[in-house]
Amino acid sequence: MKTILITGGAGFIGSHVVRRFVKKYPDYRIINLDKLTYAGNLANLKDIENEPNYEFVKADIVDAGQMNELFQKYDIDGVIHLAAESHVDRSISNPMEFIFTNIVGTVNLLNAARISWKEKMEHKRFYHISTDEVYGSLGETGIFTETTGYDPRSPYSASKASSDHLVRAYFHTYKLPIVISNCSNNYGSFQFPEKLIPLSINNIKNNKPIPIYGKGENIRDWLFVQDHAAAIDLIFHEGKQGETYNIGGNNEWTNISLIQELCKIMDRKLNRPGGTSAQLITFVKDRAGHDLRYAIDSSKLQDELGWKPSLQFEEGLEKTVDWYLANEEWMNNITSGDYQKYYESQYGKR
Ligand code: NAD
Ligand code: DAU
């Protein structure tokens with residue numbers, strides 16, 4: 001039996017990865033390590049919480065002692081490291097949390113793995129989950145490949161870039177068996193409603209303004225979260241030691257056209273006359289240092305490991321809307337607490 005440590009498993013992407021591994025690999029013991037910050041939610045894992053091969057550990061990756069103890073307690077074969085502060089806007093108002101968790105926390109895990117695996121690295125794997133934002137911002141043309149130079153522009157992306165460099169340094173210096181992937185924007189169920197898509201779905205449902213930064217001309221490359229989880233599964237098992245793989249949907253949308261598409265779906269689902277939801281679109285002050293465009297070339301992953309996205313965006317977006325509308329209680333529980341304070345500090349009182 002293999003023991004796999006998944007960090008950040010109570011978050012958006014982490015919960016999809018945990019669910020996939022718990023269900024698909026009954027022979028693996030899956031340990032979900034999460035601090036349960038505002039973004040961590042055990043309700044995301046209700047359906048698998050009693051499975052015999054699943055265990056939850058509440059811990060903070062910034063605490064080096066806790067990480068060493070964990071590696072002493074369990075004989076860990078592999079790490080899939082997703083725990084992070086993940087929201088760009090929060091990194092602009094409070095960068096230090098990002099430095100602690102994303103940089104110091106990652107190094108604590110690397111050290112714990114290095115010490116514990118010292119004599120037996122051969123069948124081990126440390127998989128670091130990163131983002132396309134480390135590559136910076138594209139103009140109207142171009143695409144990020146695995147060899148694009150790093151050029152992070154927000155405290156969030158700079159902290160992720162820093163952690164990527166450290167993970168690679170541990171490969172070269174200590175021969176730690178690492179692999180890294182850099183993925184584009186994810187969407188789907190269980191995403192915290194601070195991110196564009198779930199925030200907009202929730203606001204449309206409640207007839208609140210949809211805040212669009214600047215003119216809505218920024219472009220993101222969207223990937224269904226379960227396709228990311230499938231890529232993570234593949235890279236964890238078949239990715240080459242020391243390598244980096246880009247993951248993306250080949251699916252670029254300006255924010256404004258994405259929101260217009262979402263408004264059409266919402267009108268249909270809520271039985272509102274066409275055009276009702278789009279009236280909620282409100283242009284607000286732009287994000288500081290707002291990256292213009294991301295686009296990911298995932299041909300290495302497709303050609304070498306045979307991955308490809310399974311869903312068309314329109315289909316994935318509709319599925320996503322259906323999920324949020326069917327899971328009102330999940331959304332209400334999240335938006336009833338500190339979320340209001342965050343919302344007012346980010347968008348003002350509305
Ligand atoms: P999320 O914010 O939804 O979840 C992060 C999880 O990490 C939460 O459960 C939180 O409680 C936990 N966590 C935070 N600080 C911690 C700490 N100090 N110790 C232990 N646990 C802690 O994030 P997400 O969107 O699911 O992103 C997961 C990972 O994927 C991140 O590393 C992010 O950089 C990366 N990523 C995200 C996207 C995206 O579109 N969301 C795209 C590419 C890469
Ligand atoms: O590219 C991968 C990254 O995607 C991940 O590494 C991050 O963890 C994840 O949060 C995401 O970052 P973005 O900043 O691209 O995602 P967000 O949903 O915050 O914003 C998407 C776009 O929408 C971006 O151009 C900013 C814009 N936006 C966002 C919000 C929250 C708005 O116009 N209005 C908003 O209220």
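Quantities reported herein were computed from a predicted structural model and do not represent experimental measurements. Order of appearance sets the numbers: ligands from 1, and atoms from 1 within every ligand. Along the sequence shown, the residues carry numbers beginning at 1.
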Quick check on His290 - does any of its heavy atoms sit under 4.0 Å from an atom of ligand 2? yes

Any heavy atom of Glu194 sitting closer than 4.0 Å to ligand 2? yes

I'd like to know if [X] contacts ligand 1, where contact means a heavy-atom distance under 4.0 Å to any ligand atom.
X      : value
Ser184 : yes
Ser130 : yes
Gly105 : no
Tyr156 : yes

Which residue in the set Glu194, Glu97, Glu85 passes salt bridge (Lys or Arg N to Asp or Glu O under 4.0 Å) when paired with Arg90? Glu194

Which of these passes salt bridge (Lys or Arg N to Asp or Glu O under 4.0 Å) with Asp75: Arg29, Lys2, Lys120? Lys120

Which residue and atom name correspond to the protein heavy atom nearest [atom], and how close is it?
atom                    : result
atom 25 (O) of ligand 1 : Phe12 CD2, 3.7 Å
atom 32 (O) of ligand 1 : Lys160 NZ, 2.7 Å
atom 3 (C) of ligand 2  : Glu133 OE2, 3.0 Å
atom 40 (O) of ligand 1 : Asn186 N, 2.9 Å
atom 34 (N) of ligand 2 : Pro211 O, 2.8 Å
atom 43 (C) of ligand 1 : Cys183 O, 3.3 Å
atom 19 (N) of ligand 1 : Ile61 N, 3.0 Å
atom 9 (C) of ligand 2  : Ser86 O, 4.0 Å
atom 21 (N) of ligand 1 : Lys35 N, 3.1 Å
atom 41 (N) of ligand 1 : Ile13 CD1, 3.7 Å
atom 2 (O) of ligand 1  : Ser86 OG, 2.6 Å

Contact (N/O only, under 3.5 Å) between [X] and ligand 2:
X      : answer
Asn218 : no
Ser184 : no
Leu196 : yes

For Tyr156, run the side-chain contact (heavy atoms from CB on, under 4.5 Å) check against Ile92, Asp89, Asn102 and tell me which one passes. Asn102

Between Phe56 and the options Ile31, Leu36, Leu33, Val18, the side-chain contact (heavy atoms from CB on, under 4.5 Å) test singles out Leu36

Which atoms of ligand 1 are found less than 4.0 Å from any heavy atom of [X]?
X      : result
Asp60  : 17 (C), 18 (N), 19 (N)
Leu82  : 28 (C), 29 (C), 31 (C), 32 (O)
Ile129 : 30 (O), 32 (O)
Ala59  : 19 (N), 20 (C)
Thr101 : 15 (N), 16 (C), 18 (N)

Taking the six-membered ring for Trp, are the ring centroids of Tyr25 and His237 within less than 6.0 Å of each other? yes

Using ring centroids (six-membered ring only for Trp), state whether His165 and Tyr150 fall under 6.0 Å. yes

Hey, looking at [atom], which of [options] has the closest heavy atom?
atom                    : options                        : result
atom 11 (C) of ligand 2 : Ile259, Asn185, Asn186, Leu292 : Asn185
atom 14 (O) of ligand 2 : Lys215, Glu85, Arg287, Arg90   : Arg287
atom 7 (O) of ligand 1  : Ala10, Ala84, Gly9, Gly40      : Ala84
atom 22 (C) of ligand 2 : Ile13, Leu258, Asn255, Ile219  : Asn255
atom 9 (O) of ligand 1  : Asn32, Asp34, Ile296, Asn108   : Asp34

With under 30° as parallel and over 60° as perpendicular, where do the rings of Phe313 and Trp253 fit, or are they tilted in between? tilted

Hey, what's the ring geometry for Tyr28 with Phe21, parallel, tilted or perpendicular (30° and 60° as the breaks)? tilted

More than 12 heavy atoms of other groups within 6.0 Å of [X] [atom1]:
X      : atom1 : result
Glu314 : CD    : yes
Lys124 : NZ    : yes
Phe100 : CZ    : no

Determine whether the side chain, the backbone, both or neither of [X] has a heavy atom under 4.0 Å from any heavy atom of ligand 1.
X      : value
His87  : neither
Leu36  : backbone
Asn185 : backbone

Return a yes/no value for [X]: is any of its N or O atoms, backbone included, closer than 3.5 angstrom to an N or O of ligand 1?
X      : result
Val62  : no
Glu85  : no
Asn41  : no
Thr131 : no
Gln191 : no

Keeping the roles fixed (side chain from [X], backbone from [Y]), state whether a donor-acceptor pair exists under 3.5 Å.
X      : Y      : answer
Asp267 : Ser277 : yes
Tyr245 : Lys240 : yes
Asp221 : Asn251 : yes
Arg293 : Gly142 : yes

Is it the case that the side chains of Thr145 and Asp297 hold a donor-acceptor pair, with the cut-off being a distance below 3.5 Å and no angle test? no

Taking atom types as modelled and ignoring hydrogens, do the side chains of Asp227 and Trp307 form a donor-acceptor contact shorter than 3.5 angstrom? no

Which is it for Gln346 and ligand 2 at heavy atoms under 4.0 Å: side chain, backbone, both or neither? neither

Grab the two heavy atoms, one from Val22 and one from Asn53, that are nearest each other, plus how far apart they are. O-ND2, 3.0 Å

Tyr324 six-ring face occupied by Lys269 cation (under 6.0 Å, within 45°): no

If we only count heavy atoms from C-beta on, is the Phe171 to Gln241 side-chain gap below 4.5 Å? yes

